[in-house]
Amino acid sequence: MSDTHAHTVRFVRETMLPPQDPPSSQIGMVRWGRENLFDGPLNIILTVISLLVVLFLVMEMGPWFANSIWNANSLTECRQILDGASGACWGVIKDRWPQLMFGFYPPELYWRPVTALVLLFVAISPVLFPSVPKKVLYFTMVYPFLGVWLLWGGTIWGPVAVALGFVLGYGLVRATAQFSTLLSAAFVVIVPLLYWLFVAGPLVDALSAIAPLASQSVPSREFGGFLVSLVIGVSGIALSLPIGILLALGRQSNMPLIKYVSVVFIEFIRGVPLITLLFTASLLLNYFLPPGTNFDLILRVIIMVTLFASAYMAEVIRGGLAALPRGQYEAADALGLDYWKAQRLIIMPQALKISIPSIVSTFIGLFKDTTLVVFIGILDPIGLANATRASSDWQGIYWELFIFIGAVFFIFCFSMSRYSMSLERRLKTDHR
Amino acid sequence: MQVSDEVAIQITNMNKWYGSFHVLRDIDLTVNRGERIVIAGPSGSGKSTLIRCINRLEEHQAGQIIVDGTELSSDLKNIDKVRSEVGMVFQHFNLFPHLTILENLTLAPIWVRKTPKREAEETAMYFLEKVKIPEQALKYPGQLSGGQQQRVAIARSLCMKPRIMLFDEPTSALDPEMIKEVLDTMIQLAEEGMTMLCVTHEMGFAQAVANRVIFMDQGQIVEQNEPYEFFNNPQSERTKLFLSQILGH
Amino acid sequence: MQVSDEVAIQITNMNKWYGSFHVLRDIDLTVNRGERIVIAGPSGSGKSTLIRCINRLEEHQAGQIIVDGTELSSDLKNIDKVRSEVGMVFQHFNLFPHLTILENLTLAPIWVRKTPKREAEETAMYFLEKVKIPEQALKYPGQLSGGQQQRVAIARSLCMKPRIMLFDEPTSALDPEMIKEVLDTMIQLAEEGMTMLCVTHEMGFAQAVANRVIFMDQGQIVEQNEPYEFFNNPQSERTKLFLSQILGH
Amino acid sequence: MAMVDSGAPKGSFRLSMLLYDTRYRSYTIQIFVLILLMLGAAWLIDNTIRNLAALGKDFSFDFLWNVSGYDISQRPIEYDSTYTHGRAAIVGLLNTLILAVMACVTATVIGVIAGVLRLSKNWIIGRLMTVYVETFRNVPVLIWIIVVSAIMSESMPPPSAFRGDDPASSMLLFDSIAVTNRGVYVPGPLFENGLGYFNIVGVDVSLNLMAFLVVVGLSIWVNRRVLASATKIQNATGVRPKTWWKSLLILFVPAIALLVFLGFHLEYPELRGFNFTGGIQMRNSLLAMWLGLSIYTGAFVAEIVRSGILAISQGQSEAAFALGLQPGRTMRLVILPQALRVIVPPLISQYLNITKNTSLGLAVGYMDLRSTLGGITINQTGRELEGMMLLMLVYLVISLIISTVMNFYNNRVKLRER
Amino acid sequence: TTLEDVQARGSLNCGVSTGVNGFSAPDANGVWQGFDVAVCRAVAAAVLGDPMAVNFVPTTGQTRFTALASGEIDILARNTTWTLSRDVDLGFTFIGVNYYDGQGFMVDRALGVSSATELDGATVCIQTGTTTELNLADYFRINNMTYEPVPIETNAEAQQQYLAGACDVYTTDASGLAATRASFETPGDHVILPEIISKEPLGPLVRQGDDQWADIGRWTLNALIAAEELGVTSANLEQMAAGTTNPEINRLLGSEGSLGEMLGLDPQWAMHAIAAGGNYGEIFAATIGEATPIGLARGLNAQWTQGGLLYTPPFR
Ligand SMILES: Nc1ncnc2c1ncn2[C@@H]1O[C@H](COP(=O)(O)OP(=O)(O)OP(=O)(O)O)[C@@H](O)[C@H]1O
Ligand SMILES: Nc1ncnc2c1ncn2[C@@H]1O[C@H](COP(=O)(O)OP(=O)(O)OP(=O)(O)O)[C@@H](O)[C@H]1O
Ligand SMILES: [Mg+2]
Ligand SMILES: [Mg+2]
């Protein structure tokens with residue numbers, strides 16, 4: 001076919017060309033500047049505007065930050081030191097630091113929330129970092145009870161008795177495995193419930209009488225500041241996980257009743273603002289519980305926040321389930337695993353892993369939303385800022401408190417969101 | 001390779017619909033113990049559906065399927081019984097990516113058969129050796145090649161000591177180099193007398209080990225014959241057309 | 001298939017850098033009208049970059065590219081002119097998924113060439129028939145198979161009545177069955193005398209239709225020859241190595 | 001479809017089939033769950049009834065018809081302290097909706113600009129936008145609202161600064177806009193030969209506004225006809241006639257004519273007594289909520305827009321360029337229609353979030369539904385159960401409407417696949 | 001009963017506001033201080049003998065009544081105005097008045113306003129969820145004036161807005177106005193207008209239906225007032241408790257009679273209550289009196305013998 005060819009085309013390169021440096025217009029600051037800052041009139045305008053904005057911000061806030069005062073016990077003192085100049089009075093943070101962090105938690109017991117926080121990281125480390133040995137998961141299972149005991153104190157038998165209920169449930173799962181899963185499921189749910197309702201209380205009393213192992217108890221109304229935000233956020237997410245899983249499964253169920261109950265619940269919760277649920281916790285929950293029941297506000301808030309988070313969690317987990325190929329369900333079926341075993345051994349471990357980044361995002365959202373508890377009189381950081389500003393010493397202070405609170409939230413949320421992004425990237429390459 | 005007279009699977013007059021679409025029409029099929037059957041047919045002819053009905057991954061709406069003496073009905077106990085007797089290998093392996101190979105293999109024996117863990121692991125290693133990859137036991141599926149994964153999938157089914165094995169195009173998702181290693185494993189299995197139903201387009205395999213080739217089209221069994229006759233002397237027009245297509249290219 | 005003496009593309013001493021990475025080094029290439037050139041070479045050798053420079057999807061930093069008498073510089077008018085003369089087919093088709101096949105084909109003629117709609121549609125149907133899928137005109141790209149999509153992509157380029165066609169690995173994202181249908185379309189195009197530059201590893205295609213095969217490595221043209229000579233009598237060591245790899249397997 | 005249930009032995013129903021037979025099992029479970037649900041509901045309702053009885057309260061919505069006794073500063077409809085609680089709730093609802101709509105619009109604008117700028121090649125603007133997005137996303141919205149409100153009340157001049165012979169501040173734009181720490185006063189429309197009002201179910205509807213809307217609607221319709229005929233000409237001849245000047249004429253001339261006819265003029269705000277009067281006042285509370293929600297949500301929208309544009313692969317614009325389409329057309333014909341499919345659904349859920357977040361109005365004294373019905377009314381009447389239920393119901397209805405719109409959109413633009 | 005609950009718990013749950021200078025606010029050590037707080041401490045001391053056995057539950061204008069109704073708190077001491085509907089319809093019992101107040105207005109001196117009747121068209125900062133909101137609406141309507149309400153949640157916020165000039169007028173109880181003004185950099189630049197537009201008897205309240213508990217609260221408060229009248233102070237408390245010539249003091253401090261027993265309390269209940277923070281006058285002086293930054297004069301809250309309204313029924 002090449003016979004129609006006009007001229008010879010043969011060419012062979014004898015020596016390869018070495019790479020050369022690009023022309024000078026292609027490298028260095030000049031090119032970088034031209035390409036990134038001054039490429040075309042629009043870009044030049046944008047650059048100038050941005051520089052002006054940055055300049056303006058620095059001019060406006062620079063002196064204020066530059067004149068920061070750290071050692072002052074009241075605003076008046078600050079004003080005296082500043083002597084008319086504009087400047088930040090960070091003395092308020094120093095003065096109220098323990099309060100903003102721990103609220104009214106007894107100062108001699110600060111080590112307890114701190115330990116609880118450190119142990120929390122240990123407990124979730126196997127989930128977050130694949131290199132952590134799997135054995136740590138046992139600690140993760142113990143942590144909720146340990147954490148509760150560290151934070152609230154009191155007799156150690158309370159958490160132990162509650163934990164026993166779970167052990168009981170697990171034992172029943174093992175024991176009733178050969179019966180119909182339906183019967184055993186009912187059994188496994190009902191027996192521990194009965195235990196918690198009727199046996200656990202007397203058991204705790206009995207055990208405390210025998211071996212009074214107790215630490216100083218701290219009622220939750222003494223919690224405040226970031227401690228309260230963290231407690232509400234973390235327990236909301238942790239408790240909402242199992243409920244969210246059930247709701248997600250319910251929403252996928254082919255039984256209409258269960259499906260619609262789940263859908264209605266999820267859509268209801270997602271359709272109303274969190275603040276109305278918080279008001280429900282503070283104003284209405286007592287209407288719905290038997291007359292005379294009365295437990296403290298933070299606990300009620302945790303209940304409502306858990307319900308709130310579980311609706312969002314359900315959607316997150318539904319996303320994780322949807323990402324699983326059908327083949328996984330079929331393979332489990334074909335091996336003879338029943339629904340619950342398949343869920344527990346095959347589906348959930350994978351779906352949850354896929355969902356971790358979204359769970360982290362949900363947590364960030366929830367953590368930010370905990371600031372709304374200020375509306376029902378819980379002294380979270382914002383609430384404490386208001387209370388601080390109501391004291392004679394600090395009446396009139398403003399920016400410093402909110403900048404500080406905002407910065408702490410930022411550090412928390414930003415690092416978590418970065419972590420979840422890196423996790424997402426890792427999962428993308430991990431998963432087949 | 002002996003075929004006994006005992007019936008392993010008995011399908012009578014079975015029909016299945018997806019919505020109003022009639023996928024399987026009046027299927028009658030008897031498989032004896034030790035038989036090795038290859039099912040072929042154009043895409044969409046219902047081969048996968050048929051095979052999936054046999055362990056109730058799909059529900060049939062009319063007719064009877066009796067596997068190893070147990071009738072498949074809506075009774076869960078029967079379904080469980082059948083499923084633990086029948087192993088299945090899928091086109092896309094469907095290994096569990098979050099478990100090691102060994103855990104993949106011991107999962108069902110431990111949780112369904114209640115085998116002690118130690119014993120389950122021994123069985124698992126035995127079958128891994130049989131499919132010639134014992135050294136991969138502690139890796140994760142994602143670290144294996146497609147052919148190795150499919151062999152693990154076969155071993156996983158075998159660990160449940162099934163009396164019947166179903167294969168749904170086990171080699172069609174594999175690169176050509178890997179097809180052979182999987183087929184070798186299957187041939188070995190066939191030689192040991194396992195009852196097998198296999199949907200495949202590997203005609204070499206069919207000729208080598210099948211007792212019978214079944215040709216399906218439009219949800220019905222169109223032709224059934226011994227491999228040699230089937231390939232060299234097809235009766236129906238459709239079969240001829242089909243054979244010319246797959247052998248031609 | 002005649003090759004005229006008229007020059008279609010003239011590349012002289014062209015260099016391109018990505019940052020400080022020298023991708024294309026001293027490229028000299030003259031393509032006559034009606035010539036069909038296949039470009040081959042290992043991955044990362046700059047084949048795609050070269051072809052994308054020809055319609056200024058990438059900017060070159062030194063040297064000259066003259067397409068159909070128009071020099072490519074930063075002059076927007078020239079770029080528009082060249083782009084409407086040169087058609088390009090991508091590895092991943094890049095059809096517009098929100099438009100029907102017909103709309104995909106008429107979009108550029110209507111908005112760039114200012115063709116009346118009716119006329120544009122007629123042309124579109126003509127080319128759809130040419131790539132043998134006129135019946136798909138009203139479907140959406142997502143509803144077509146890969147091979148069909150790539151043929152639509154070729155038709156889409158042709159609707160602009162280009163004088164030069166560029167192909168960047170048009171078949172490498174396709175299943176084997178579909179490769180043939182796309183190559184057939186391309187061969188037909190070649191036979192009609194279209195000037196073509198084609199990056200491909202389909203050596204059968206190269207032997208069948210190319211006037212010239214260009215082998216690139218490390219951003220330079222290493223060897224250039226007629227297909228027969230190129231495959232049977234490669235000169236450079238690199239070419240030999242490359243050919244042994246792709247033909248060997 | 002012919003359903004024949006042969007083979008299966010029918011007659012012999014055994015009790016165990018309730019548990020083991022797939023046909024009955026799901027009923028067993030559902031009935032069990034239903035019983036549990038009803039028990040739970042009965043328990044809750046019984047508790048509520050007993051608690052109400054113990055407190056000596058009844059369950060009734062009569063309070064909605066009682067005189068409210070409190071004033072609301074921002075009143076889209078007529079209201080004062082002699083109206084009822086029900087009316088106060090409606091005022092609150094309207095305020096919620098006004099705020100939500102305003103914030104949705106600006107959040108979208110800010111978000112689109114920031115999202116696009118974040119993709120810009122300009123290094124410094126890209127960095128600035130990243131800083132914007134990250135700072136605003138990672139700090140609670142409540143703090144932003146409080147901070148914006150503080151900036152407004154701290155750094156803007158009070159109305160008194162405009163007073164005197166040598167005022168400390170002056171109005172902007174030829175004395176037409178006053179920016180004060182009580183809000184921004186802008187000129188308001190007045191009509192010399194106005195058409196008056198029309199009263200429907202106790203709400204005064206301005207006929208001027210109606211007439212204006214009708215005229216604008218008509219203009220838009222005519223403009224669409226013009227565009228359609230341009231398309232027709234383009235289809236026939238291939239050349240699209242220039243229509244922008246026609247569109248301008250059609251869109252603006254009739255509206256201006258109507259305004260002239262009605263004797264439209266602006267009423268400028270004027271410092272009288274303690275405050276500016278005349279014109280339209282956008283109160284601090286509204287501005288703080290509006291800006292706070294907009295910039296906070298804008299950061300999320302920016303991310304949505306950015307990822308939406310990134311999701312439309314590079315290949316699409318390359319293919320369009322290779323066909324000779326210019327960047328502007330490529331954007332309009334190829335990129336935008338596809339990016340919108342990706343962007344709109346999450347955007348709508350951001351709108352949902354904005355609507356829900358308007359309930360933070362209390363923090364800066366914005367009288368939205370939560371502050372009126374869910375706040376002062378509950379507090380003055382002690383009807384927290386009824387009030388909260390009503391409040392949730394209203395939010396739920398708004399949410400459902402928004403998500404219905406979203407589903408409708410999703411179904412309409414779904415890409416067809418095999 | 002509530003008394004039994006409190007004694008079993010060993011601590012009193014007392015609702016206070018989330019922060020009003022001088023009335024209730026936590027100090028840097030997290031200890032609540034203030035005039036309302038002192039009432040809580042006195043009741044705790046009377047019931048439990050320990051003034052520190054109080055759990056303070058911060059409540060907002062919105063949550064305070066529910067918290068009390070639901071039993072979350074035993075007593076609400078949060079400058080709450082005693083009105084008929086609260087007493088009757090909402091189902092609470094006011095146990096007395098610890099501060100007689102009235103709603104007033106504060107304006108910037110520079111405005112040159114000297115009477116509330118000149119406030120037509122003004123922008124007014126009010127705290128929501130209070131009776132001030134209703135009084136304000138009434139007052140302006142009666143006087144045919146218009147105003148622009150700026151509803152604000154907390155006192156600190158209101159003060160901020162007022163100082164920044166975002167409102168011309170700040171209205172709240174006169175005590176609050178004075179307390180707020182006292183903390184300004186230049187208090188002299190602000191005037192409190194002479195009009196008091198409402199009666200605001202502020203007092204602690206308890207749930208209706210537990211008369212014993214209401215009695216305890218009521219008489220604890222009375223004991224503080226009576227102590228001032230009778231000259232019992234924390235300084236001479238020990239000495240007087242040993243017995244005096246005045247039988248009323250003896251009955252009050254438990255050295256004579258069995259008043260404590262009638263209430264179901266320790267005979268020394270009142271002594272403990274007074275020991276907690278001193279008598280009414282001492283508490284007043286320490287928290288909001290003229291020597292504090294708040295600088296309130298006794299005014300109406302002086303003893304009846306001094307021309308004030310404080311008048312306790314006899315202890316007998
Ligand atoms: N879940 C389902 N719902 C509706 N139709 C289905 C479903 N699964 C399969 N079908 C249809 O049933 C028919 C038979 O499908 P089946 O998968 O059994 O074919 P097959 O012979 O295995 O084809 P292949 O060789 O492509 O795997 C096909 O037309 C298919 O579209
Ligand atoms: N936008 C870019 N920025 C930086 N480097 C690039 C870019 N695009 C390509 N490269 C680099 O330029 C080199 C040549 O790329 P090119 O895509 O032209 O190779 P190719 O020969 O087409 O390879 P393949 O066969 O894999 O498509 C590669 O090393 C690639 O990594
Ligand atoms: Mg199949
Ligand atoms: Mg390439």
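Letters go in sequence order (proteins before strands), and every chain restarts at 1.
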Would you mind checking which part of B:Phe90 comes under 4.5 Å of any heavy atom in chain A, side chain (CB onward), backbone (N, CA, C, O), both or neither?
side chain

Decide yes or no on side-chain hydrogen bond (donor to acceptor under 3.5 Å, both in side chains) for B:Asn15 and B:His60, but give the supporting numbers first.
CA-CA 6 Å; B:Asn15 279 278; B:His60 60 282; over 6 Å; no

Applying a strict 4.5 Å limit to non-hydrogen atoms, the region of B:Val86 in contact with chain A is backbone

Between B:Asn78 and B:Thr70, is any side-chain donor less than 3.5 angstrom from a side-chain acceptor?
no

Students often mix this up, so state it plainly: with edges at 30° and 60°, are the rings of A:Tyr143 and A:Phe139 parallel, tilted or perpendicular?
tilted

Using distance alone, with no hydrogens and no angle criterion, decide if A:Lys353 and A:Gln350 have a side-chain donor and acceptor under 3.5 Å apart.
no

Closest-packed option against chain B by number of heavy-atom pairs under 4.5 Å, given A:Pro349, A:Ala331, A:Gly336:
A:Ala331

As an exercise: rank B:His92, B:Arg52, B:Arg113, B:Met160 by heavy-atom pairs under 4.5 Å with chain A and give me the winner.
B:Arg52

